[in-house]
Protein chains: 2
Amino acid sequence: MNAFLDITKALSDETRVRALLSLRGGELCLCQVIEFLGLAPSTVSKHMDLLHRAGLVERRKEGRWQYFRLAGKESSREARGALRWALEALRGERSLKDDERVLSGVRKKGLEEVSACYRAS
Amino acid sequence: MNAFLDITKALSDETRVRALLSLRGGELCLCQVIEFLGLAPSTVSKHMDLLHRAGLVERRKEGRWQYFRLAGKESSREARGALRWALEALRGERSLKDDERVLSGVRKKGLEEVSACYRAS
DNA sequence: GATATACTTCGTTAGTTGACGAAGCAACGG
DNA sequence: CCGTTGCTTCGTCAACTAACGAAGTATATC
């Protein structure tokens with residue numbers, strides 16, 4: 001029940017769902033998610049931590065960068081089931097079209113450029 | 001996205017999840033859910049309304065009684081998918097064993113007896 | 001080492017939520 | 001009608017949460 005509630009709570013905030021879906025195209029560095037969402041680093045860090053603790057997202061540290069990707073085979077059965085459902089339920093969601101556009105921009109930039117942008121704000 | 005968030009928010013509260021699962025054995029009157037949860041009628045009414053608005057539950061009014069049952073074919077594709085996932089994820093959940101016991105007691109009682117009990121509290 | 005960079009932790013603040021009880025509404029029973 | 005009963009609505013309160021910025025930590029780079 002607790003694992004289930006951790007998952008549903010993680011999925012019950014729009015910002016977190018957008019962050020989760022931003023990983024559909026593959027792994028992203030935290031600074032890329034920050035740029036994508038346009039929120040304060042501390043806020044995004046906390047969101048990603050929540051997604052991770054729910055098991056929906058895996059993290060990988062490489063130097064100073066924290067990379068996140070969607071949960072895979074290493075994650076719990078419950079988290080993978082939730083992820084499968086969420087991705088299916090939100091497939092083609094119209095209200096997320098803008099996000100996809102912004103995201104492809106973020107993905108094209110190098111990490112340095114993204115970081116510079118986040119530094120400037 | 002809004003429909004999705006309505007569903008995840010509905011599922012992100014333990015009490016609501018317990019109420020939802022209490023309908024697995026078939027339709028229940030609100031007063032039975034009240035007795036099952038042991039909460040104030042106004043509180044339970046609001047919880048069931050939220051579940052209904054998320055599409056996870058259908059309601060039926062018969063005289064003074066409000067009956068609730070799990071979403072069926074009349075509900076949205078999204079709600080049915082969510083329900084399928086939630087039921088599967090929580091199948092056999094150990095922490096809900098007590099609930100099942102209490103629930104079978106509530107189901108055995110007639111509606112009048114349940115109401116009397118709820119009146120007394 | 002010193003500086004910068006990527007991220008996290010902490011404290012604050014505004015808005016949300018779950019609980020309750022009181023009062024209201026609707027349907028049945030006298 | 002009039003009271004009772006099942007449920008809903010409303011106002012209140014305590015607890016939680018998302019957002020921020022400031023300060024802290026860890027990892028490169030000079």
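Order of the sequence lines sets the chain letters (A, B, ...), proteins ahead of strands, with each chain counted from 1. Quick note: numbers below take in every heavy atom, side chains included, and nothing from hydrogens, waters or symmetry partners.
- Remark: Arg59(A) is not in phosphate contact with dC7(C), judged by side-chain N or O atoms under 4.0 Å from OP1 or OP2.
- Rounded to a whole Å, the NZ atom of Lys9(A) is 11 Å from the C1' atom of dT17(D).
- Listed pair His47(B) / dA19(C) meets the phosphate criterion, a side-chain N or O lying under 4.0 Å from OP1 or OP2.
- Ser75(A) contributes no side-chain N or O that, together with a main-chain N or O of Arg80(A), makes up a donor-acceptor pair within less than 3.5 Å.
- Between the CZ atom of Phe36(B) and the CD atom of Glu100(B) there is a distance of 9.0 Å, given to the nearest 0.5 Å.
- Distance CG (Leu51(A)) to P (dT8(C)): 13 Å, rounded to an integer number of Å.
- With hydrogens and angles left out, the side-chain atoms of Ser95(B) and Glu93(B) include a donor and acceptor closer than 3.5 Å.
- We find that CZ of Arg64(B) is positioned 15 Å from P of dT8(D), with the value rounded to whole Å.
- Going from atom CG of Leu28(A) over to atom P of dC7(C) covers 11 Å, rounded to whole Å.
- In this structure, CZ of Arg60(B) is placed 12 Å from P of dC7(D), rounded to the nearest angstrom.
- One interatomic measurement links the two molecules: CG of Leu50(B) to P of dT9(D), which rounds to 12 Å at whole-angstrom precision.
- Sequence order on DNA chain D of the closest nucleotides to Gly63(A) and Ser12(A) puts Ser12(A) first from the 5' end.
- Taking atom CG of Asp49(A) as the reference point, atom C1' of dT9(C) lies 11 Å away to the nearest angstrom.
- Comparing dT8(D), dA18(D), dT8(C) against the side chain of Gln66(B) picks out dT8(D) as the nearest.
- Every salt bridge (Lys or Arg N to Asp or Glu O under 4.0 Å) that Asp49(B) has, sequence neighbours left out, goes to Arg53(B), Arg59(B).
- Between the side chain of Ser22(B) and the main chain of Ala19(B), a donor-acceptor pair closer than 3.5 Å is present.
- Looking at heavy-atom distances under 4.0 Å, Asp13(A) makes contact with sugar-phosphate atoms alone, never a base.
- Computed from coordinates, the Leu5(A) CG to dG18(C) P distance equals 12 Å when rounded to whole Å.
- Taking side-chain N and O atoms only, Lys61(A) has a distance below 4.0 Å to OP1 or OP2 of dT27(D).
- Salt bridge Glu58(B)/Arg60(B): absent, no basic N to carboxylate O contact under 4.0 Å.
- Counting heavy atoms of neighbouring residues, nucleotides and ligands inside a 6.0 Å radius, atom CZ of Arg84(A) does not exceed 12 of them.
- Residues Glu62(A) and Arg16(A) each lie close to DNA chain D; by heavy-atom proximity, the contact nearer the 5' end of the strand is made by Arg16(A).
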Dump the pairs, protein N or O against N or O of nucleotides 20-23 of chain C, anything under 3.5 Å, distances to one decimal.
unit_1: dC20(C); atom_1: OP2; unit_2: Ala40(B); atom_2: N; d: 2.9
unit_1: dC20(C); atom_1: OP2; unit_2: Thr43(B); atom_2: OG1; d: 2.9
unit_1: dG21(C); atom_1: N7; unit_2: Ser42(B); atom_2: OG; d: 3.4
unit_1: dG21(C); atom_1: O6; unit_2: Ser42(B); atom_2: OG; d: 2.9

